[in-house]
Structures are given as structure tokens and as C-alpha cells.
Amino acid sequence: MKILLTILSSCLLMASSSVLAADFSGTWCRPQHNGMPDDIIWISPGNEVYSVKLTEGWQGKSYSQGVASVAGSSLFATLKGEASGATIHAVMSISGNQLSYRSYKDNKTTHYWKGDYKRCSKP
């Protein structure tokens, strides 16, 4: 009986942890003018690492890009600024259909930028 309870609790733990995993992959928009997105975050899953790119609009220039990994319910990214070449550390979290983005300068403590995005698709 004890072995059966151990197996059952292990199965429940695995099932509950997979339910808690957030799906960060996809396209996330921050609409500003006339409902059109000013900023877009593109997140593509890999085997263990996500690729992340931030752009200005659908056809706009790239702000930054890099890689990220999931830890708990957050996505932690290390990006390189396209114009400046600066290293940017970002933390993203999901609540419902909204992605919160917070970035920090090289020392990971000084706030750099923040924004809230919603899932979107190219028209």
C-alpha cells in the first residue's frame, strides 16, 4: 500500500508541475497607436533554451535579441541591445493572456525598462 501511495503521489506531483508550466512561446504585442503594436516580443522555444527577439512593430528594426530559460513561473533572458551592444537581463512572467516584461542593466539590479504585452498574431 505504501508503494502504491508513493507512486500515486509522484504521478500527481508530475501532473501538477506540468499544469503550472507557463507557455511563453509565441508573439506578444504592446499596442500603442490605433491598436497597432509599437513593440513586439517574439519567443521561440528550443530544446532547453528559448530564443527571444524584441522588435519595433511587425516590420520594424530589432531592439534586442538573445536567449532565455524558464525557472519556476518566470522566463529569464539575456539579450544584446542591437544599437548599443549592451547586455540586457530580462524577466518575464505570464498572468492570463498578459506577459509582463522587466529588464535590468548589466548589474541585474538597476531597472532598465518594463512593459505589459498581450498575445497577438500578425494581421
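Sequence positions, counted from 1, serve as the residue numbers for this chain. It should be emphasised that the depicted structure is a prediction, and the values quoted were computed from it without experimental measurement.
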ring-ring contact (aromatic ring centres under 6.0 Å, His included): which pairs involve residues 43-81, sequence neighbours left out? Trp42-Trp58
Is there side-chain contact between Ile40 and Leu54, with heavy atoms separated by less than 4.5 Å? no
Please, which pairs that meet salt bridge (charged side-chain N to carboxylate O under 4.0 Å, His left out) have at least one residue in residues 65-93, sequence neighbours excluded? none
Do Ile41 and Val52 have side-chain heavy atoms sitting under 4.5 Å apart? yes
Minimum-distance pair of heavy atoms, taken over all atoms of Ser74 and Ser93: OG-CB, 4.4 Å
Here the salt bridge (charged side-chain N to carboxylate O under 4.0 Å, His left out) pairs for residues 39-53, sequence neighbours left out, are Arg30-Asp39
Stepwise, does the side chain to side chain contact (heavy atoms under 4.5 Å, CB included) test hold for Tyr101 with Leu75? CA-CA 9 Å; Tyr101 173 94; Leu75 185 67; over 6 Å; no
Which heavy-atom pair separates Trp28 from Phe24 by the least distance, and what is that distance? NE1-O, 3.0 Å
Hydrophobic cluster identity match, Leu79 and Val70, side-chain contacts under 4.5 Å: yes
Hey, can you pull the donor-acceptor pairs under 3.5 Å for the side chains in residues 113-123, sequence neighbours left out?
residue	atom	partner	partner atom	Å
Asp116	OD1	Ser100	OG	3.0
Arg119	NH1	Ser25	O	2.8
Arg119	NH2	Asp23	O	2.4

Thr78: side chain to side chain contact (heavy atoms under 4.5 Å, CB included) partners, not counting sequence neighbours: Thr87, His89
